Every structure is written in structure tokens, then in C-alpha cells.
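Worksheet: the structure to be examined is printed underneath.
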Amino acid sequence: MSKAELRHDDCRNFIPIDVAKGFCNAKKMNVMIDTPVCGKFEALPKCKNCANFKDATEDNMGKCVGFDDGYWAFADLKAANCEKYEAK
Amino acid sequence: MVKKLADILAEKGLDINFQYGGKAPEEMIDREVKKEPFPRVKKLKDQYYATLSSASLEFPYWYTRKYKELEHEIPVVRRAAALKHAFSHINPTIWPGELIVGGKTYHYRGSFPMPWESEGYYMAKEDELYQSALAKGSASSGELSRFGSGGGNVTKSFGKVTSIAGKFGIRSEEVPALIRCAKEWVGKSVDDLGNKYEKMVPEYDIKEKVMRSLICMFDSGFTLPLGREVINYYYPLQYGFGGLIEMCKERKNEVAGRADGDGVTGMDRLYFYDAAIMVLEGIQAWVKNYSKEAARLAAIEEDPQQKKEYEEIAEIMDWISTNQPRTFREALQMTCMIHFAVLNEDAISGMSPGRVGQVLWPWFEQDMEAGRTDEGQVLELLECHRMKFTLIDCFACTGVVGGVLSGNTFNNLSMGGLTKDGRPACNRLEMLIIEAGMTNQTSQPTLSVLYDEKLPEDFLLKAIECNKTGTGYPAWMNNQNAIQFLTKQYGPEGMDLEEARSFAIGGCLETSPCCWKELTLNGKKYNIPGGAGQPTSVGVHFIANPKVLELVLFNGYDYRMKEQLLPPHNKKLETYEELEETFKEYYEMIVDCLTTCNNIQHDIWRKQNMCLFLSILKPDCLDKGQHIGNLGYRYNGTFNVESCGQITQVNSMVAIKKLVYDDKKYTLEELKDALMNNFGFKTAAEVDSFSLAAQEKKDETGKYDEIHSDCLRAPKYGNDDPYADQVLKDYEDWFCPMCTKYESLYGRNLYSCQISVSTHGPQGAATLASADGRLAGTTYADGSMSAYPGTDKSGPYALFTSATCWDHTQSQNSQMNLKLHPNAVKGLEGSKKLLDLTRAYMRRGGFHIQYNVVDSKVLKDAQEKPENYRELLVRVAGFTQYWVEIGKHIQDEVIARTEYEGV
């Protein structure tokens with residue numbers, strides 16, 4: 001994923017407030033999600049960053065092959081507590 | 001020039017902004033009592049003001065995934081496994097400065113849809129939602145800033161945020177997954193499955209019409225199947241989650257394969273305990289994840305104070321994930337986590353924390369004695385607690401969240417009342433809870449005083465001081481009334497006087513059955529109260545009384561819907577008695593069809609979607625090994641019939657009685673013609689507003705002026721006028737016993753519940769003009785004992801006499817709202833007058849009263865300049881809400897209420 005495509009809510013330093021903004025724990029200030037990220041960006045575990053996320057589609061959907069059920073998943077699902085998460 | 005209703009009424013001396021007891025000063029008068037929260041809480045509160053109601057899909061995704069995987073498992077275990085999967089996977093967020101952590105989702109003001117309850121309102125908008133999300137381009141920072149910094153409701157999509165259910169924002173990236181998740185539940189949700197079976201009820205056709213016409217506001221079975229009840233924190237506070245898991249494992253071994261004389265549900269106990277273990281393990285993992293997150297933040301934090309606070313949070317969360325809390329802070333934190341867990345388990349409005357000051361007293365007392373804390377620290381924690389509860393959002397469809405709840409969640413904290421042995425139960429911690437309600441004025445938790453003559457003066461005056469902040473809380477409930485109601489309603493299930501004393505308010509003002517449990521802390525024993533009954537948000541909710549009367553007048557035909565709603569009665573209504581009897585017949589027909597269909601919805605819910613964590617919490621599920629659906633609770637007769645707009649209906653019947661039957665000035669046909677033609681006014685739809693003040697005159701011939709004037713001047717409830725009050729008494733003496741003729745799915749009788757919440761707005765919007773002079777589409781009188789705005793001309797004591805012409809202990813509640821100008825209760829003398837006023841109503845047998853201490857001019861200014869009033873709180877009907885987050889028709893109704901200049 002190119003840097004231009006990254007959002008603040010893809011970053012580990014981002015503490016979410018609502019669907020538009022959050023608190024940047026690196027810069028200690030509120031940031032809007034859909035504004036450019038900075039050099040302190042650190043990828044947050046999400047399905048889209050997981051090796052088990054397959055068959056991604058344009059509408060952010062895909063398939064999770066980490067579990068036996070092979071269920072659908074979506075790219076922006078947070079996966080910090082997923083036991084099957086494997087960073088790409 | 002267009003003539004507005006307000007001008008016409010003013011000409012007739014019936015000012016829509018009536019003031020009693022003097023005239024308010026020209027200038028705006030602020031509230032007398034103003035206090036500030038601790039700096040850290042101020043920051044958290046400022047953040048709240050700038051936070052959008054945000055929905056996310058994390059919980060529904062993990063829940064649905066596991067549920068689908070276990071297709072062949074028995075329902076109770078399947079649901080437990082899905083809950084465990086969801087709780088253990090969702091991500092915790094901890095915001096800097098917080099002392100109390102936790103929330104429903106990772107958003108500050110987060111919630112999520114529960115498609116297993118109902119997915120219809122997503123699917124109906126599927127194309128619109130989906131296309132809206134795909135069409136979104138890159139976001140405009142300017143647009144985002146404006147929306148992101150404004151009020152909490154996301155009523156329109158913007159940037160990469162999609163508005164759903166009229167209030168919540170969801171990230172557009174998640175919308176395709178939302179649709180996919182919802183589709184998984186088509187035909188399987190409580191809504192869909194319930195509808196399949198309710199159609200088998202012979203009277204279903206009537207029920208469907210009743211719902212469509214808004215005679216009834218909502219189906220409780222799949223919208224809000226739980227709530228307006230009191231939680232019980234006892235078991236985790238006593239045993240810790242670890243202890244409870246061990247207890248369930250032991251019980252599981254004891255009951256496995258044994259019916260123990262119960263051939264129907266005896267064997268179910270094994271599955272219940274197995275399910276309980278799973279749910280508890282899921283919640284344990286969720287609490288531990290907060291500990292891990294706090295530890296992660298502590299590791300990277302450079303500010304020493306914040307680092308220390310993260311470390312403390314990590315330690316607290318780790319401890320309470322397994323053990324009984326050791327300190328007041330740990331106990332308070334645990335109650336929050338229990339509360340959020342329950343709210344994540346099901347769609348709930350009004351999960352009241354109950355008598356928290358008495359539940360947490362053991363820790364407060366021992367911490368204070370040991371010098372582990374001081375009152376300043378406790379106050380700061382209580383302010384944080386208020387923030388956490390204010391952040392709670394309830395996700396449901398627009399009609400419910402907006403139309404019924406005005407976005408409120410009704411987490412009512414009760415104070416006062418009596419102890420098990422009949423002594424005053426208020427304590428020093430409750431004084432601090434009131435103080436926190438003043439220093440950190442927020443909408444949640446709302447506060448209620450369980451008023452009893454035994455309560456000490458200093459406690460009562462403290463509560464009055466809080467009223468003077470203008471927050472609308474605490475509300476005042478009559479303790480003795482409640483005890484009488486409880487022993488009558490729950491006596492057959494074993495409720496006695498001692499147990500009845502444990503009660504608290506569930507939701508805005510629902511008397512809810514509770515019980516005492518003995519808690520041991522460091523060897524010392526305490527009796528603490530907590531919920532032991534089913535929800536009271538269930539049953540027949542809400543019936544639009546004026547609309548029923550309208551159908552009586554028009555032979556069952558609804559001119560708004562252009563449809564025959566009820567079978568025509570074909571009566572000539574030649575006498576008032578015949579009119580009254582027909583009203584009762586129609587009403588009972590409506591209650592009957594709603595009860596049977598509702599029973600089916602709830603039966604599906606208890607079979608497929610029963611609450612498990614809440615069942616674990618409430619006595620006596622753990623003892624019996626049965627969940628709520630198998631009558632595990634101690635008290636199960638909680639389903640009720642809720643009415644709305646009864647004062648508008650009573651005033652209308654009084655006017656008909658007077659003008660048509662007694663004085664014979666008009667024929668019924670002439671009156672009906674006037675009502676049909678809205679007394680010569682435009683329709684609310686034509687004016688494009690359902691607000692009282694905005695209604696405009698249409699007919700300039702003056703054809704309906706006289707009859708309108710006579711209707712407006714007919715005797716009105718609220719003036720100690722026996723002519724009007726007798727109609728109310730006759731109605732109550734029929735209504736309360738009538739409700740008990742119907743039976744819930746749990747085999748218990750229904751009972752009367754008399755509150756309006758916000759339904760007097762939308763249900764008023766669905767109703768033609770009424771014979772009291774109210775115009776079509778406008779709001780009804782609020783509550784159940786409040787006078788219609790501007791019609792209580794004779795002062796509060798006359799209003800009280802009218803309100804107490806019937807026995808309030810026949811009903812779960814009644815509701816009286818009064819609006820007072822700040823000058824009316826100024827100073828200590830004003831406080832004492834307000835307490836005297838409250839006492840007077842309670843002594844006459846009134847159940848509930850609450851006050852809006854506000855200058856109506858402030859409200860008008862806030863309507864014009866909402867940007868200046870983000871923090872303004874008002875009391876609506878049983879709840880306190882931010883002015884900017886309630887609909888205009890309700891705002892107008894609050895403005896129009898009679899303003900008392902003196903008490």
C-alpha cells in the first residue's frame with residue numbers, strides 16, 4: 001500500500017475518537033482520519049495487513065483463510081486481538 | 001399576513017408561552033447553581049462535545065462469524081460462543097487522562113448494529129447505503145472539520161462517513177461489510193423469525209395496521225428487547241469473574257445429566273452453565289485486553305504522570321479481570337465494565353445502574369477508614385464515571401432512537417429510599433454522587449431520589465441544590481408508592497415488604513423489582529440492593545391515546561393513512577357513555593393484538609437470542625441454572641402497557657362531554673368536521689413543521705373560529721376542576737385494571753405504565769386535530785400527569801390536586817414535569833420552597849415529579865443559536881438531554897410548557 005493510500009486510522013499511534021478523527025499519540029494532537037500520515041506511521045494490525053487475508057476486492061472485502069471456516073472478512077477490520085493475524 | 005397559532009392564542013388570552021405566578025424579567029436569567037469538573041474531566045467532556053456518534057462493525061463481525069460456524073449447536077451455547085468470540089476480539093481504546101476506562105467499542109461514543117435482532121432497516125436502505133459509500137470521493141478536510149467538531153448526531157453522510165439510522169456515522173469502507181453482515185441474518189433475526197410466527201395470530205392484520213399508523217410506537221421484541229430495568233453488580237463484585245467461572249464449573253458437574261424433578265427445563269441447566277462459563281471467559285479476555293493496552297501505552301509514554309496512570313490502569317484491569325475488587329476505584333471500574341458488557345450483549349435502552357451509592361458503599365467506607373482515598377479523589381472518579389455513562393449510545397432505527405428516546409439511553413442512578421430494615425438508605429457517597437452530578441453536568445447517568453419521609457433534610461436539600469443547576473436531575477419518585485405497587489404486582493412471585501424496599505428505578509421512571517444480597521468485604525457483611533427482575537421496556541409500547549379517540553370518532557377510519565384501521569363500530573355515539581365505552585372497546589382490541597404478537601416476538605427472542613451475561617448477573621439464574629427465558633429471574637411479571645398522550649385524550653373527552661353532550665352547543669358531526677378541517681388551519685405537512693408554534697391559519701372565513709375557541713376554553717385537566725378531573729379518574733380506574741387482564745409469554749399479568757418519553761412528538765404528528773383544541777400533527781401533552789402547555793392556569797397546587805385524583809399505586813409510574821424560572825427557586829429560601837413543593841406532591845400520593853429550572857428565553861435563544869449552547873441540558877420527559885440533540889418539535893413543546901415564576 002502506498003503512503004498516499006494510508007490513513008491515520010491505519011496507524012498504531014492513532015487513538016480513535018470517532019469516524020472522522022482521533023488522537024495521535026505520537027504527536028499528542030487530534031488528527032482527522034482522512035489526512036496524510038506522517039513519518040511516525042506504524043502499521044496497525046488490520047486484515048488488509050494480514051497474510052491470511054485473500055481475494056481482496058475493490059470494495060474492501062476479502063476472505064480470511066486464517067481460521068478453518070474460510071469466512072469473509074473486510075480489509076479495515078482491526079486484528080490486534082486476532083490469534084491468526086500474521087503481518088504480511 | 002399569515003396568522004400563526006401562537007398569535008391567535010395570545011389574542012384569546014391563551015398565551016402559548018404562559019407564565020404562572022408573575023412575569024419573568026425581560027433579560028435572560030441564567031441558572032443559579034454552576035460548578036465545574038476537575039480539569040481532566042473537563043478535557044474529556046470537551047472531547048465528548050466534539051465527538052460524533054460512531055458505529056463500527058467489529059463486534060457484529062466476530063459475533064456473526066462464530067454464530068454461523070456453530071450452525072448445528074444448541075441455541076444457548078451457540079449464542080454464548082458467539083458472544084465470547086466477539087468480546088475477546090474487539091479492540092480496547094484508552095484515552096489520555098481517563099481514570100475509568102472502557103466502552104462499548106473502540107470509538108469514544110461508539111455503538112454497533114445488532115443484525116441478529118433486526119436487519120430490516122439496513123436492508124431497506126441497502127442500495128442507498130451501498131451506492132452512497134461507493135460514490136464517495138476523497139474527503140474534504142474543511143468539510144470533515146466542520147462536521148467533526150460539531151454536535152454528536154451524524155444525520156447526513158459526508159466525506160468518507162456514511163450516515164445510518166439517521167444518527168450514526170460509519171466509515172464508508174465498512175459499509176459493504178455492514179451489508180454483508182446484515183444479509184447473513186435475513187430470515188434468521190428475531191425480527192424476521194418473529195414476523196413469520198406473529199402472522200399466525202388471527203388479529204395480526206389489525207396489529208400491522210396499528211403499527212403502520214403509529215397508534216403503537218414500536219415492537220419491543222426485536223428493537224429493544226431489554227432495558228428499563230436495574231442491573232445487578234453483586235456477583236462479580238463478590239466473587240470476581242474468576243470465582244464465578246469456578247462456581248459455574250462446579251454447578252455444571254452437579255447438574256449434568258440430571259433433571260432433578262423438572263422434566264421440562266431441568267436438563268437445560270447443563271447448557272446454561274456451559275454457556276455462562278463461555279460468556280464469562282469472553283468478558284474476562286476483554287477486560288484483560290484493556291490491561292494489555294494500558295501496559296502498551298505505559299511502555300511508550302514519556303510523560304511520567306500519564307505513564308503512572310496507564311500503569312495503574314493496567315494493574316487494576318488485570319486484577320478485576322479475575323478477582324473481587326480491593327478498592328473503591330476498582331469496584332467502580334468493575335461496575336462500568338459489567339455495564340458495557342451487558343449493553344454489548346443486546347439492544348438496550350434504560351439499563352439502570354440502580355443504587356450505586358449503596359452498592360459501592362462497602363469499598364468507600366473501608367477506603368475512607370483506612371485512609372486509602374479521600375472525598376476529592378472519589379469525586380473525581382465519580383465525574384469520570386459520569387463521562388463514561390454519557391458516552392453510551394444505543395443503536396437502533398431512527399424511529400426508536402429519535403422518535404422514542406431522543407438519543408438518550410436512560411441509565412438511571414437511584415439514591416435514597418430505605419434499607420432492608422426500614423431505615424434511611426442515603427449515605428455520604430450518595431451526597432458525592434449528587435455533587436458529581438453538579439460539577440460534571442452531563443446527560444448520564446440521570447439521577448433519581450427515592451423520596452421517603454424518613455430521609456434527612458440535608459440529603460434532600462442537596463438534591464434540590466442539584467435541581468437548581470438546571471440539569472433536570474434528580475427526579476423525585478415516591479418510595480412508598482413504589483413499595484405498594486411492587487408488593488401488589490410481585491407478591492405472587494414472593495415479593496414482601498423487606499424485598500420491596502430494595503427497589504430502584506429502571507429506565508427513566510419505571511419502578512423495577514430488585515432484591516438484597518449479602519456482600520462480604522474483608523470479613524464485614526453488607527446488604528446491597530440490585531436488580532432481580534426482567535426488563536420493563538417490554539410489552540405494549542406506546543399507545544397513542546388521542547389517536548384511539550380519533551378512531552372512535554371516525555368509525556375506525558384513519559384519514560391520514562386513508563385506511564380502515566379498526567373494524568367499524570357503526571355506533572351513533574349518542575351519549576358520552578357510549579363514546580367512552582367505544583373508546584374502551586377499541587383500546588382493548590389494540591392491546592390484545594399487540595400483546596399476542598409481542599409475546600411471539602419475545603418468545604423467539606428467548607429461544608434464539610436470550611441474554612446470558614445479564615442472566616448470570618441477576619438473581620436467581622445462577623442458583624437455578626436457568627437463563628431469563630426459562631424464568632431464571634426472581635421476578636418475571638414485568639411486561640406492561642404504556643400509554644402516551646393521556647392528558648390530551650382526557651382534555652379532548654372533557655371538551656366533547658361539555659360541548660356536545662352536556663351543553664349541546666355543537667353536534668358531534670360539527671365537531672368532527674372541525675377536527676377534519678384542523679379548525680381552519682393548514683396541516684402540519686403544509687407548514688412543513690410539526691411544532692406547536694409554527695402552525696398557520698388557512699381558512700380566512702372564520703368558519704371554525706368559534707368552535708376552536710370553545711374547544712380551547714373547555715375545562716382542562718390541571719386546574720382542580722372536578723368536571724375535568726373526573727374524566728381522568730374514570731379513565732385511570734378503567735385503564736390500570738384493564739392492563740392486568742392481559743398475559744405475557746411468561747404467564748404473568750401486564751400492568752399500567754404511564755410515561756411518554758419522546759413519543760408524544762411523533763405520535764402527535766400522526767394524529768388529527770383533537771377536541772381540546774390541539775392542532776393536527778402537533779405534540780401531545782408530555783408525560784402522563786403534566787398539563788398540556790399553557791392550560792394549567794391555577795398554579796402548581798391545583799395541578800397536584802388534579803393529578804392525584806386517582807390512586808397512583810395502581811400503576812408502575814406516572815409522570816409530572818414542571819418548568820420553573822430560575823428566579824422562582826432562588827437562594828436558600830427558594831430551595832426550601834422547592835422541597836416543600838416536592839413534598840406536597842409526594843404527600844398527596846403523586847408518584848413522580850421533575851423540574852426544568854430554566855428561563856424559556858434561554859431555550860428560544862438556543863433554538864436560534866444552537867452553536868452557542870452545545871452544553872445546554874434540558875429535562876424532556878423522564879430524561880435529561882442536550883438541547884442540540886433533540887428534535888425541533890420536542891424543543892418547541894418544552895418551550896411552550898407553562899413557566900412557573902413562583903412556587
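The chains referred to below are lettered A, B, ... by the order of the sequence lines, with proteins before strands, and numbering in each begins at 1. The figures that follow rest on heavy atoms only: side chains count, while hydrogens, waters and symmetry mates do not. Keep in mind that this is a model prediction, so the values were computed, not measured.
Of the two parts of A:Ile17, the backbone and the side chain both hold a non-hydrogen atom closer than 4.5 Å to a non-hydrogen atom of chain B. At a 4.5 Å heavy-atom cutoff, the contact between B:Glu58 and chain A is made by backbone and side-chain atoms alike. With a 4.5 Å cut-off on non-hydrogen atoms, B:Ser56 does not touch chain A at all. Residue A:Asp68: no heavy atom, backbone or side chain, is found under 4.5 Å from chain B. For A:Phe23, the part lying under 4.5 angstrom from a heavy atom of chain B is the side chain only. For A:Ala73, the parts sitting under 4.5 Å from any heavy atom of chain B are the backbone and the side chain alike.
A cation-pi geometry, defined here as NZ or CZ lying under 6.0 Å from the six-membered ring centre and within 45° of its normal, does not hold between B:Lys68 and A:Tyr71.
Between the side chain of B:Lys160 and the backbone N or O of A:Ile33, no donor-acceptor pair lies under 3.5 Å.
Residue-level contacts of residues 301-309 of chain B with chain A, in order of numbering, are B:Glu301; threshold 4.5 Å between heavy atoms. Of residues 89-101 of chain B, those residues with a non-hydrogen atom less than 4.5 Å from any non-hydrogen atom of chain A are, in numerical order, B:His89, B:Ile90, B:Asn91, B:Pro92, B:Thr93, B:Ile94, B:Trp95, B:Pro96.
The CG atom of A:Asn25 sits 7.0 Å away from atom CZ of B:Arg296, with the distance rounded to the nearest 0.5 Å. Taking OG from B:Ser172 and CG from A:Asp59, the interatomic distance works out to 12.5 Å, rounded to the nearest 0.5 Å. To the nearest 0.5 angstrom, B:Leu297 atom CG is 5.5 Å from A:Ile15 atom CD1. Atom CD1 of B:Ile179 is separated from atom CE of A:Met61 by 10.0 Å, given to the nearest 0.5 angstrom. In this structure, A:Leu77 CG and B:Glu174 CD are separated by 8.0 Å, a value rounded to the nearest 0.5 Å.
Considering all non-hydrogen atoms of both residues, A:Val19 and B:Ala55 come closest at CG1-O, 4.1 Å.
Atom NZ of A:Lys63 sits in a sparse spot, with 12 or fewer heavy atoms from other residues, nucleotides or ligands closer than 6.0 Å. Around the NZ atom of B:Lys288, the shell of radius 6.0 Å holds more than 12 heavy atoms that belong to other residues, nucleotides or ligands. Atom NZ of A:Lys40 sits in a sparse spot, with 12 or fewer heavy atoms from other residues, nucleotides or ligands closer than 6.0 Å.
Look at A:Asp18 and B:Arg109 and you find no salt bridge, because none of the NZ, NE, NH1 or NH2 atoms lies under 4.0 Å from a carboxylate O. B:Arg171 and A:Asp34 are joined by a salt bridge, as a carboxylate oxygen and a charged side-chain nitrogen come within less than 4.0 angstrom of each other.
Ranked by heavy-atom pairs under 4.5 Å with chain A, the list B:Ala177, B:Cys181, B:Ala285 is led by B:Ala177.
Evaluation of the side-chain contact (heavy atoms from CB on, under 4.5 Å) rule for B:Ala299 yields no partner, not counting sequence neighbours. For B:Tyr310, there are no ring pair (Phe, Tyr, Trp, His ring centres under 6.0 Å) partners, not counting sequence neighbours.
Considering only heavy atoms from C-beta on, A:Phe67 comes within 4.5 Å of B:Arg65 through its side chain.
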